[in-house]
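Here's the structure we're looking at; comments come further down.
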Number of protein chains: 2
Amino acid sequence: MRKDQTRTPDRRSSIRVAIADNQTIFRKGMSSLLNETETVKVVSESNNGRELLLKVKKEEPDVILLDANMPVMCGIETTANLKKLHPEVKVLVLSAFNDRKQIIRLIKNGAHGFLLKDTSIENVLEGIYAVMNNGYYLNKMMSEAMFNVNKVPLSPSSKGILSIREIEIIKLLSQEMKNAEIADKLFINIRTVHRHRENIRIKINVKNVSGIVMYAIKNNLLD
Amino acid sequence: MRKDQTRTPDRRSSIRVAIADNQTIFRKGMSSLLNETETVKVVSESNNGRELLLKVKKEEPDVILLDANMPVMCGIETTANLKKLHPEVKVLVLSAFNDRKQIIRLIKNGAHGFLLKDTSIENVLEGIYAVMNNGYYLNKMMSEAMFNVNKVPLSPSSKGILSIREIEIIKLLSQEMKNAEIADKLFINIRTVHRHRENIRIKINVKNVSGIVMYAIKNNLLD
DNA sequence: AAAAATTTGGGTATAAATACCCAGTTCTCA
DNA sequence: TGAGAACTGGGTATTTATACCCAAATTTTT
């Protein structure tokens with residue numbers, strides 16, 4: 001356990017922060033702004049959740065700034081893995097979207113704090129200090145989400161991993177294509193498209209195409 | 001005209017860049033990374049398109065880095081205004097989404113280049129130099145969009161400005177609510193919701209709810 | 001080779017959205 | 001105060017999506 005481990009003074013003197021975000025410029029910006037503060041030191045940068053997980057053990061961050069909207073491995077899945085593999089590390093999630101359901105999912109999967117990406121560096125620092133000192137960071141969005149935490153019938157988030165074909169379907173219907181058009185494009189029967197859509201909705205636990213499109217964007221499925 | 005104006009050497013020595021983006025951290029990151037290059041100088045930062053427009057005349061940027069997905073005034077509307085008011089300034093648009101229709105709209109409204117936000121600072125610099133030297137910046141995404149420029153029946157983008165009520169409707173249907181639920185929530189008849197949805201689709205020129213949700217996200221309408 | 005998952009296709013039924021048409025009331029701004 | 005926009009409500013019909021049932025062929029994994 002890291003808490004029992006002897007650490008050199010320079011390591012203990014500041015909060016060790018790891019950043020995972022697929023936007024290089026945002027990542028670098030965050031990094032340089034944080035490093036202007038002496039109490040914080042950025043020890044690791046990753047392009048996505050999978051990369052991050054490979055580095056955590058070696059870099060020993062105290063806090064992880066995690067983008068919720070990454071491709072390859074999304075924020076929720078990464079959070080769940082972090083909780084399992086490195087429960088002592090605090091996870092502060094940043095998202096471009098203020099989505100109550102997503103926030104609740106993150107909390108349930110072990111996130112310690114949440115911030116919108118449209119925020120100031122001061123708020124990020126506040127969040128970092130809070131999770132270090134109190135174990136969690138509560139702001140208005142978090143509170144509202146917590147209040148409704150039992151109202152949202154949330155499925156296990158990482159249970160249903162979408163297949164290649166399903167993601168293909170999602171991309172097309174995000175481009176305003178209807179089932180018949182998707183069937184034509186993919187040379188399959190419209191009934192097959194129906195089935196795929198049904199499976200997709202069940203897997204990600206949404207009610208209709210609106211939910212599918214939102215999910216797609218938040219998980220960086222489109223391109 | 002600025003090109004006829006005498007400028008002090010220090011002003012002429014580097015490319016003057018203005019940045020408009022609602023994400024402070026991204027903006028600061030971009031700014032500090034660009035300022036590491038001597039050939040480029042960031043002279044202005046804005047939170048949205050409207051703020052930017054107020055500063056352009058005074059700050060005299062050569063190139064504007066414009067986020068496509070801003071609230072208040074979106075990238076397309078800002079681009080159109082820049083073309084009208086400051087045709088000599090080059091506009092390089094950055095977007096979180098690779099959307100062919102959006103790229104075409106931007107080009108038609110006067111953008112000189114396009115980049116995904118998930119890119120490197122080297123690519124941004126490449127874009128800046130290109131628009132300065134050639135007048136435009138072409139990459140793979142732009143080319144593909146240009147190739148289809150006539151296939152896309154694009155309506156005047158800034159023509160239909162959504163009303164408060166319409167945006168309210170959009171927010172609710174982005175939360176997977178169906179017409180009847182929206183009607184209940186807003187204490188109006190379901191026929192009124194129908195009418196709003198119809199008007200929305202016509203204004204933003206999309207085929208169905210999928211297009212509405214995409215539009216909403218790309219224009220930062222949700223919160 | 002066996003098991004599991006993916007992809008494919010179908011029947012049937014209802015629920016919901018879309019596409020046109022219509023118009024009165026209210027509100028805002030010039 | 002007069003014009004235009006916004007918000008409201010309705011008729012009618014068609015198109016699309018959703019829901020829940022079924023299962024065979026193929027691919028991947030174990």
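Letters go in sequence order (proteins before strands), and every chain restarts at 1. Note that this is a predicted model, so its numbers are computed, not measured.
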Does [X] have a side-chain nitrogen or oxygen under 4.0 Å from the phosphate oxygens OP1 or OP2 of [N]?
{"X": "A:Ser163", "N": "C:dT6", "value": "no"}
{"X": "A:His196", "N": "C:dT8", "value": "yes"}
{"X": "B:Arg191", "N": "D:dT8", "value": "no"}
{"X": "B:Arg201", "N": "C:dA19", "value": "yes"}
{"X": "A:Arg165", "N": "C:dT8", "value": "yes"}

Exercise. Just report the end-to-end axis angle for the helix from C:dA1-D:dT30 to C:dA30-D:dT1, five pairs per end, to 10 degrees.
Key: 80°
Quiz prompt | Polar side-chain atom of B:Asn179 near backbone of B:Val193 as donor-acceptor pair, under 3.5 Å | solution = no
Self-check item: Heavy-atom donor-acceptor pair, A:Asn81 side chain to A:Glu77 backbone, under 3.5 Å
Solution: yes
Quiz prompt | Pairing of A:Lys203 and A:Glu166 as salt bridge, 4.0 angstrom limit | solution = yes
Quiz item: Between A:Asp62 and A:Lys90, does at least one N-O distance fall below 4.0 Å, as a salt bridge requires?
Solution: no
Quiz item: Looking for any heavy atom pair under 4.0 Å, which part of the strands does B:Arg197 touch: base, sugar-phosphate only, or nothing?
Solution: sugar-phosphate
Practice problem: Identify, with sequence neighbours excluded, every residue that meets salt bridge (charged side-chain N to carboxylate O under 4.0 Å, His left out) alongside A:Glu144. | Solution: none
Quiz item: Which residues within residues 172-190 of chain B lie with some heavy atom under 4.0 Å of an atom in DNA chain D?
Solution: B:Ile188, B:Asn189
